[in-house]
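Read the numbers this way: they start at 1 and go in the same order the structure lists the ligands and their atoms.
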Amino acid sequence: MSQDVACSAKPAVFDYDIAIVGGGVVGATLAASLKHSGLAIAIIEAQSQSDAIAKGQAYAIHQSSRQVFDDIGVWPQIESQIEFFRQVRLSDADSPHVVEFESSELQAKAIGYVAKHRILLQELQSFLTTCEQVDWHCPAQVTTTDYDAKGATLQLASGESLRVRMVVAADGAKSQVRQQAGIKTHGWPYWQSCVVATIAPEKHHDNIAYEKFWPSGPFAILPSAKDECRVVWTAPHKEAQALLDLNDDQFIDQLHHRYGNQMGQLSLVGKRHLFPAKWMHANRYVQPRLALVGDAAHSCHPVGGQGLNLGIRDAATLAQVLTVAHQHGEDIGSLMVLRRYQSWRRQQNLLSLGFTDILNRTFSNQWFPLVQVRRLGLQVMQRIPPLKVWSLKFMAGLHGRSATST
Ligand SMILES: Cc1cc2nc3c(=O)[nH]c(=O)nc-3n(C[C@H](O)[C@H](O)[C@H](O)COP(=O)(O)OP(=O)(O)OC[C@H]3O[C@@H](n4cnc5c(N)ncnc54)[C@H](O)[C@@H]3O)c2cc1C
């Protein structure tokens with residue numbers, strides 16, 4: 001805990017250096033990446049730790065996120081529980097021209113991985129039990145946050161209050177911390193929703209992921225366990241709701257229709273879920289005493305599985321900026337320090353967010369000349385290896401400056 005002797009109407013003693021509001025994967029990654037910073041950290045999470053883990057979501061995890069987890073030291077434990085994909089087959093509806101991305105093009109065993117939320121958060125929580133400078137406050141809801149020249153005071157629903165040097169909002173797309181701080185966002189809802197399901201195919205998935213662009217929206221199948229795949233089926237809202245309302249046999253029938261029979265008989269594992277797709281970007285990521293990370297700063301169309309991966313990079317970058325600033329005796333909550341994080345991440349995120357939007361709109365468009373151009377584009381990409389490798393690296397988050405490589 002830190003002492004501050006400057007004159008202020010607020011208490012001079014800080015309970016913590018940093019309060020991270022939101023103990024999801026992004027908030028927990030930030031706390032874990034700050035392990036060697038020497039900073040005292042509070043994670044304030046609205047749900048109990050076990051409820052926060054229980055979310056049934058799974059994510060495509062890119063090489064950029066693997067590097068972050070590797071640096072923290074949790075990757076071996078995560079990797080042993082998740083599935084990888086070594087090839088991605090990308091195609092435009094029923095066009096015979098398929099672009100095949102191979103892991104060898106990244107000089108890696110895998111292009112990416114699919115990890116259940118439960119596994120990621122459990123391993124991060126377990127790592128954080130070894131970090132003496134990190135305290136969990138959960139279940140605990142932040143109700144208000146007051147900022148002043150020296151720090152911030154958070155009021156919790158329990159009546160407790162915490163005095164900190166700075167706050168990080170990792171509280172998701174509807175971030176109350178961001179809204180209360182008056183940071184505006186821009187963006188739009190899409191005309192589509194995503195139906196997410198897990199299937200057990202009769203034949204092994206062979207560690208191949210499929211992304212097919214249909215006029216109604218992208219359709220992805222990703223290997224998510226030894227004998228399971230995750231389906232993310234995007235369609236206009238009404239069509240997506242109708243898919244959700246089908247009984248299991250009818251849904252499997254529709255799936256065979258869309259996907260073919262290359263994996264033999266399919267059966268459903270667990271429930272299907274529906275998520276409306278939206279695009280959102282905060283007008284700024286920082287202001288004095290506050291930084292936004294993950295979905296609190298941005299959210300995008302699920303095509304290409306970018307959202308969480310961008311948040312993990314935000315977390316690693318902010319951790320690095322704060323660690324270096326603290327080592328140099330700088331005020332970690334000052335705008336001068338926090339702007340380094342913003343200028344590092346905001347443009348990179350905007351590029352990836354823009355990429356998901358263009359991909360979705362271009363491939364959902366049935367204007368004949370555009371269909372011809374994009375199909376030609378896929379053929380060209382398949383035939384020009386440097387272009388294919390560049391695209392693959394971009395999708396895998398291996399572009400721009402990386403916090404782990406500096
Ligand atoms: C259909 C679909 C598929 C997706 N697939 C992928 C994919 O394959 N790969 C990928 O990278 N991304 C994917 N995403 C995006 C991904 O789900 C999000 O980017 C990611 O979950 C954001 O994580 P987060 O930690 O920033 O926020 P969240 O997961 O929303 O966590 C926020 C946390 O803050 C807590 N909280 C909220 N308010 C408060 C408060 N006031 N006080 C205290 N705690 C609070 C919440 O309880 C929660 O634990 C997908 C999204 C959708 C919709």
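Comparing Lys278, Lys55, Lys174 by heavy-atom distance to atom 29 (O) of ligand 1, the nearest is Lys55. Heavy-atom proximity to atom 32 (C) of ligand 1, evaluated over Gly24, Ala170, Gly22, is greatest for Ala170.
Leu310 has its side chain within reach of Arg345: a pair of non-hydrogen atoms, C-beta onward, lies under 4.5 Å apart. Residues Ile72 and Ser33 have side chains in contact (heavy-atom distance under 4.5 Å, counting atoms from C-beta outward). Annotation: side chain of Arg165 is not in contact with side chain of Leu39 (no heavy-atom distance under 4.5 Å). In this structure the side chain of Phe101 reaches within 4.5 angstrom of the side chain of Glu105, judged on heavy atoms.
Of the protein's heavy atoms, Leu308 N, 3.3 Å lies nearest to atom 10 (C) of ligand 1. Considering only non-hydrogen protein atoms, atom 45 (C) of ligand 1 sits nearest to Ala46 CB, 3.7 Å. Among all protein heavy atoms, the one lying closest to atom 47 (O) of ligand 1 is Glu45 OE2, 2.6 Å. When only non-hydrogen protein atoms are considered, atom 36 (N) of ligand 1 lies nearest to Asp171 CB, 3.9 Å. Scanning all protein heavy atoms for the shortest distance to atom 27 (O) of ligand 1 gives Gly172 CA, 3.7 Å. With respect to atom 51 (C) of ligand 1, the closest heavy atom belonging to the protein is Gln57 NE2, 3.9 Å. Nearest non-hydrogen protein atom to atom 8 (O) of ligand 1 is Ala60 N, 2.7 Å. Distance from atom 16 (C) of ligand 1 to its nearest protein heavy atom, with residue and atom name: Tyr59 CE2, 3.8 Å.
Per-residue contacts place Gly294 under 4.0 angstrom from the following atoms of ligand 1 (heavy atoms of the residue considered): 26 (O). Applying the 4.0 Å criterion to heavy atoms of Val196 picks out, from ligand 1, the atoms 1 (C). Using a 4.0 Å cut-off to heavy atoms of Phe275, the atoms of ligand 1 that qualify are 1 (C), 53 (C). Contact atoms of ligand 1 toward Asn309: 9 (N), 10 (C), 11 (O) (distance under 4.0 Å to a heavy atom of the residue). Each of the atoms 40 (C), 41 (N), 42 (N) of ligand 1 lies under 4.0 Å from some heavy atom of Gln141. Below 4.0 Å from some heavy atom of Gln306 lie the following atoms of ligand 1, by number and element: 11 (O). Interface of Gly305 with ligand 1, defined as ligand atoms under 4.0 Å from a residue heavy atom, comprises 7 (C), 8 (O), 9 (N), 10 (C), 11 (O). Listed by atom number, the atoms of ligand 1 under 4.0 Å from Gln47 heavy atoms are 47 (O), 49 (O).
When heavy-atom distances to ligand 1 are checked against a 4.0 Å cut-off, Pro302 comes that close only through its side chain, counted from C-beta outward. The proximity of Val25 to ligand 1, defined as any non-hydrogen pair under 4.0 Å, is limited to the backbone. At a 4.0 Å heavy-atom cut-off, ligand 1 touches Gln176 through the side chain alone. At a 4.0 Å heavy-atom cut-off, ligand 1 does not touch Leu310 at all. Residue-level proximity to ligand 1 for Val293 is absent, since no heavy atom of it falls below 4.0 angstrom. Here His117 has no heavy atoms under 4.0 Å from ligand 1, in either its backbone or its side chain.
Here the side chain of Asp17 pairs a donor or acceptor atom with the backbone of Ala40 at under 3.5 angstrom. Between the side chain of Gln87 and the backbone N or O of Asn207 there is no donor-acceptor pair closer than 3.5 Å. Although no hydrogens or angles enter the test, the distance criterion places no donor-acceptor pair under 3.5 Å between the side chain of Arg118 and the main chain of Ala52.
For Ala140, the heavy-atom gap to ligand 1 drops under 4.0 angstrom. Between Gly311 and ligand 1 there is no heavy-atom distance shorter than 4.0 Å. Remark: distances from the non-hydrogen atoms of Arg230 to ligand 1 include one below 4.0 Å.
Aromatic ring pairs are classed by plane angle as parallel below 30°, tilted from 30° to 60° and perpendicular above 60°; the pair Tyr113 and Trp75 is perpendicular. Ring geometry for His281 versus His186: interplanar angle over 60°, hence perpendicular rather than tilted (30 to 60°). Classified by interplanar angle (parallel below 30°, tilted 30° to 60°, perpendicular above 60°), the ring pair Phe394/Trp390 is parallel.
Annotation: Arg339, atom CZ; neighbour count of heavy atoms from other residues, nucleotides and ligands within 6.0 Å does not exceed 12.
Listed by chain and residue number, nothing satisfies the side chain to side chain donor-acceptor pair (under 3.5 Å) test with His36 (two or more places apart in sequence, or in another chain).
For the pair Arg86 and Asp206, the salt-bridge criterion is met [side-chain N within less than 4.0 Å of a carboxylate O]. With respect to Asp148 and Arg289, no salt bridge is recorded, no charged nitrogen being found less than 4.0 Å from a carboxylate O. By the 4.0 Å N-to-carboxylate-O rule, Glu330 lies close enough to Arg340 to be salt-bridged with it.
Applying the ring pair (Phe, Tyr, Trp, His ring centres under 6.0 Å) rule to pairs touching residues 198-239 yields Tyr210-Tyr259, Phe213-Phe363, Phe219-Trp233, Trp233-Phe251, sequence neighbours excluded.
Polar contact check, Gly27 against ligand 1: no nitrogen or oxygen pair lies under 3.5 Å apart.
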